[in-house]
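In this chain, numbering begins with 1 at the start of the sequence shown.
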Amino acid sequence: MALNEYTPGTAFPGEIGRTIDQSSPAWPKPVRAAAGAPNVLMIVFDDVGYGQLGCYGSPIATPHLDALAADGLLYSNMHTTALCSPSRSCIITGRNHHANGMAAVTEFSTGYPGYDGNIPFSNGFLSEMLLARGYNTYAVGKWHLTPADQESAAGPYNRWPLGRGFERFYGFLGGDTSQWYPDLVHDNHQVEPERTPEEGYHLSEDLADKAIQFVADAKQAAPDKPFFLYFCPAAAHAPHHVPREWADRYKGRFDEGWEAYREMVFDRQKQMGVIPADAELSERDPDVPEWNSLSPDARRLAARMMEVYAGFLTHTDHHIGRVLDFLKEIGEFDNTIVAVVSDNGASSEGGVTGTTNELQFFNNAQESLEESLRDIDELGGPDTFNHYPWGWTWAGNTPFRRWKRETYRGGTSDPFLIHWPRGIASRGEVRTQYAHLIDIVPTVLELLDIEPPETINGVDQTPLHGVSFAHTLDDSAAPTLRHTQYFEMLGHRAIDHDGWRAVCPWPGPSFAESERPFGTPITAEALAELDAADWELYHVAEDFAENHDVAAQHPDKLAELIRLWYVEAGKYQVLPIDGRAMARLLDERPQLTENRTSYTLRPGTQMLPAAVAPRLFNRPHSITADVTISADGAEGVLLCEGGYTGGWSFYLQHGRLHYTHNYVRRSWLTVSSEEVIPAGRHRLGFEFQPTGLPDFTQGKGAPGRALLYLDGRLVGQADFPVTTPIIFNPGGLRCGANPGSVVTSEYSAPFRFTGTLHSVTVDVSGTPISDAASEMRAAMARQ
């Protein structure tokens with residue numbers, strides 16, 4: 001007998017009498033997807049360039065992705081924003097990145113509508129749309145769509161995954177993390193990995209396990225209920241972390257260098273039909289040294305960095321294969337729409353030489369070749385945060401010029417695959433129609449026969465900016481429906497329109513050709529000069545890789561495209577144009593609480609992310625721990641920030657008090673107490689007083705005097721010649737332990753404090769721990 005069901009919010013269709021025998025029931029109708037509705041698996045790679053997947057001509061083995069292409073469709077003309085958070089906002093909303101408030105990564109937010117990092121609730125997520133239509137919704141892996149200052153346990157949580165339509169989440173909220181010691185969040189709380197690297201842990205395997213578990217959990221309860229799985233491995237963003245045996249598969253494979261790689265991939269791309277037969281390989285990048293100009297040691301290091309990267313990508317493909325195999329096992333593979341995309345071109349964040357620690361790049365504190373070679377056998381392992389050099393970035397974007405963060409095609413043209421055996425008749429074909437990430441949501445909705453909702457959770461929705469390319473799936477000759485698309489990233493601008501492409505590079509076509517350093521602000525005067533003289537024009541319908549600037553031959557077409565760029569900029573909140581990069585990190589932003597100079601932390605609490613933790617770089621500050629030490633003594637971390645790639649730790653060991661500053665893994669600076677800390681309740685203090693100014697051009701933070709106190713009495717001091725100038729990553733502020741990646745090898749994780757730690761207070765007011773101690777410090781300095 002069928003139940004009497006009704007839609008909540010409508011009139012109750014049953015009868016309600018005075019007693020049950022005079023009444024008839026009716027039930028709120030459960031939200032059910034259409035019978036046979038397909039699942040959706042969206043796989044979003046990070047920093048994977050156009051020429052880095054096997055199915056796009058790369059020698060890097062990606063057999064599971066290649067199989068999707070062979071039995072599905074490969075798109076050769078998909079475009080991104082050139083940076084991760086902005087691209088991901090497009091993928092998940094179907095709206096342009098500035099309209100999402102995501103002009104750049106969330107950490108670079110500024111106080112303008114297109115830049116504030118808060119995706120409006122009027123720009124609904126695909127997860128929200130499908131949840132309302134009876135889908136289970138899961139996000140696994142990288143998120144990076146929550147404003148950085150909202151990532152702490154204080155929330156708010158409405159822009160975390162579970163606040164934007166996902167029922168379950170497992171991954172990391174920020175831009176990158178260690179694959180061995182990740183900063184993990186499960187739903188709305190932080191968790192630690194269940195194993196250590198020594199026990200075989202790796203994030204890629206963990207993410208695949210959780211993706212399989214989420215689907216399996218629901219399928220055993222509701223086998224006919226479809227799912228949307230937003231699966232975002234950390235690969236191939238730095239750190240390029242992978243078990244050694246996977247990297248060793250590529251030994252010697254890249255010894256001929258990046259020019260040889262480009263030529264080989266370019267030829268393969270033509271043979272496979274990925275690029276036009278008449279395409280030209282882009283010209284040599286002036287920022288990239290010729291392979292043969294490098295010393296033998298430099299070539300050996302660069303080749304190994306690429307071997308590790310290749311192993312990382314193949315290892316990730318292997319674990320994606322496990323997810324796909326599970327879908328086959330439960331009979332869901334053929335009825336799952338699998339879409340695979342990268343969020344931007346290959347990354348240049350390793351610098352010209354590459355690095356064993358990406359944190360050095362962001363602090364402008366690059367190590368020497370000799371220092372890098374010291375760790376060549378550790379690349380890919382837990383003690384590195386490695387990234388390859390610019391030459392491999394350039395090669396990874398074959399056949400295009402430039403890379404991530406720039407709006408040439410090397411930054412904005414990326415792999416895209418779609419596979420759905422039950423719904424797509426075409427197999428193993430290449431599609432050349434123009435598309436952009438904002439077109440994915442409308443395409444998926446059309447394939448599911450779902451109209452974009454007018455409201456979500458009571459909020460009126462903006463129209464989608466993307467257009468569906470579903471009509472191209474079984475028709476290679478179908479016309480392109482997207483005619484115009486603007487680009488802007490950190491002041492670097494471009495626009496595509498009907499086979500023409502205008503680009504205005506900032507700070508220049510390359511660093512070598514620019515008269516300005518990366519991150520230079522764009523003034524009104526500079527913008528006028530750029531618009532008057534610095535736009536380039538390419539007829540990409542005939543010049544696939546932007547080799548021939550025809551601005552001089554077609555001034556009217558260029559003027560038309562510049563005007564069109566400003567029209568699109570006005571539509572989508574692109575102004576004001578901001579060419580700054582790392583300087584945006586220092587912009588003042590609203591906080592959940594009023595400005596304060598004192599922070600109190602307690603053991604057993606969640607990590608405090610950098611965006612909400614007290615900022616201690618280059619300024620006087622103090623740390624005071626309220627502890628009780630038993631007669632048997634105590635040891636462990638009182639407070640720490642960062643990890644082995646860079647950070648600091650305040651701890652007790654062997655009866656003495658210590659503070660160690662890890663300067664981007666190039667040096668460890670330590671001050672220790674001159675006496676043993678006795679049993680009892682004490683106030684243990686650390687104070688830093690700068691003695692000079694930072695030198696950002698040399699990657700050096702302020703030097704200073706480090707002082708240790710026992711109940712206000714000075715018990716140790718040392719001079720630190722340098723400190724970290726800008727950023728620690730990964731790892732926030734932790735109280736009472738140093739789990740995961742340790743700041744110093746003097747102890748092993750988690751090194752929990754074994755006494756009673758009542759609280760730790762961080763003070764950034766500049767007030768000394770005690771006046772008496774200040775006088776004693778001055779006296780000691782005079783001696």
Side-chain angles (χ1 to χ4, degrees), residues 44-48 83-85 88 105-107 139-146 148 151-152 160-161 169-187 189-197 201-211 230-243 308-309 312-313 315-316 319 343 347 349-350 355-362 380-387 606-613 640-647 662 664-665 727-734 738-743 749-750:
V44 183
F45 277 96
D46 203 338
D47 290 0
V48 173
L83 202 60
C84 52
S85 296
R88 289 161 192 266
V105 292
T106 60
E107 294 82 358
V140 176
K142 174 172 173 172
W143 181 245
H144 213 193
L145 293 173
T146 300
E151 291 180 1
S152 78
W160 287 40
F169 172 67
Y170 185 83
F172 55 101
L173 294 179
D176 64 13
T177 194
S178 170
Q179 306 297 292
W180 303 110
Y181 299 111
D183 295 329
L184 286 173
V185 169
H186 196 164
D187 294 338
H189 65 282
Q190 296 171 6
V191 294
E192 295 295 331
E194 296 174 355
R195 294 180 292 155
T196 66
Y201 181 85
H202 190 280
L203 179 59
S204 295
E205 179 180 8
D206 192 9
L207 296 179
D209 287 346
K210 290 300 188 295
Y230 179 66
F231 186 74
C232 304
H237 197 291
H240 302 156
H241 278 166
V242 69
V308 172
Y309 175 87
F312 184 27
L313 196 51
H315 180 257
T316 306
H319 288 292
D343 58 8
S347 169
E349 287 150 10
T355 180
T356 65
N357 180 7
E358 189 190 39
L359 189 61
Q360 296 171 354
F361 174 84
F362 288 116
D383 291 341
T384 63
F385 212 84
N386 46 296
H387 195 310
Q606 295 191 25
M607 177 186 72
L608 203 58
V612 294
C640 67
E641 183 175 11
Y644 201 68
T645 58
N662 176 345
V664 294
R665 213 173 66 91
I727 187 174
F728 294 130
N729 182 54
L733 202 60
R734 298 181 185 270
N738 184 178
S741 174
V742 292
V743 172

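- Side-chain atoms of Asn662 come within 3.5 Å of backbone N or O of Val743 as a donor-acceptor pair.
- To the nearest 0.5 Å, atom OG1 of residue Thr384 and atom CD of residue Glu358 are 11.5 Å apart.
- Counting only N and O atoms by type, the side chains of Glu107 and His144 include a donor and acceptor under 3.5 Å apart.
- A side-chain donor-acceptor contact under 3.5 Å links Lys142 to the backbone of Gly175.
- With values rounded to the nearest 0.5 angstrom, His315 atom NE2 is found 11.5 Å from Leu313 atom CG.
- With rounding to the nearest 0.5 angstrom, the NE2 atom of His241 is 15.0 Å from the OH atom of Tyr309.
- Panel note: side chain Asp206, backbone Tyr201; no donor-acceptor pair is recorded below 3.5 Å.
- A donor-acceptor pair under 3.5 Å is formed between the side chain of Thr177 and the backbone N or O of Asp183.
- Using a 4.5 Å heavy-atom cutoff, the side chains of Ser178 and Ser741 are not in contact.
- With hydrogens and angles disregarded, a donor-acceptor distance shorter than 3.5 Å links the side chain of Asn357 to the backbone of Val664.
- Between Leu203 and Leu184, some side-chain heavy-atom pair lies under the 4.5 Å cut-off.
- Atoms NE2 and CG, on His387 and Asp47 in that order, are 6.0 Å from each other to the nearest 0.5 Å.
- No donor-acceptor distance shorter than 3.5 angstrom exists from the side chain of Trp180 to the backbone of Gly740, with no hydrogens or angles considered.
- Here the straight-line distance linking atom OG1 of Thr106 with atom CZ of Arg88 works out to 11.5 Å at 0.5 Å rounding.
- Glu192 contributes no side-chain N or O that, together with a main-chain N or O of Pro739, makes up a donor-acceptor pair within less than 3.5 Å.
- Annotation: the span from Phe361 atom CZ to Ile727 atom CD1 amounts to 11.5 Å, rounded to 0.5 Å.
- Counting heavy atoms from C-beta on, the side chains of Leu207 and Cys232 never come closer than 4.5 Å.
- Side chain of Arg665 to backbone of Asp383: a donor-acceptor contact under 3.5 angstrom is found.
- Counting only distance, with no hydrogens or angles, the side chain of Asp187 and the backbone of Phe169 share a donor-acceptor pair below 3.5 Å.
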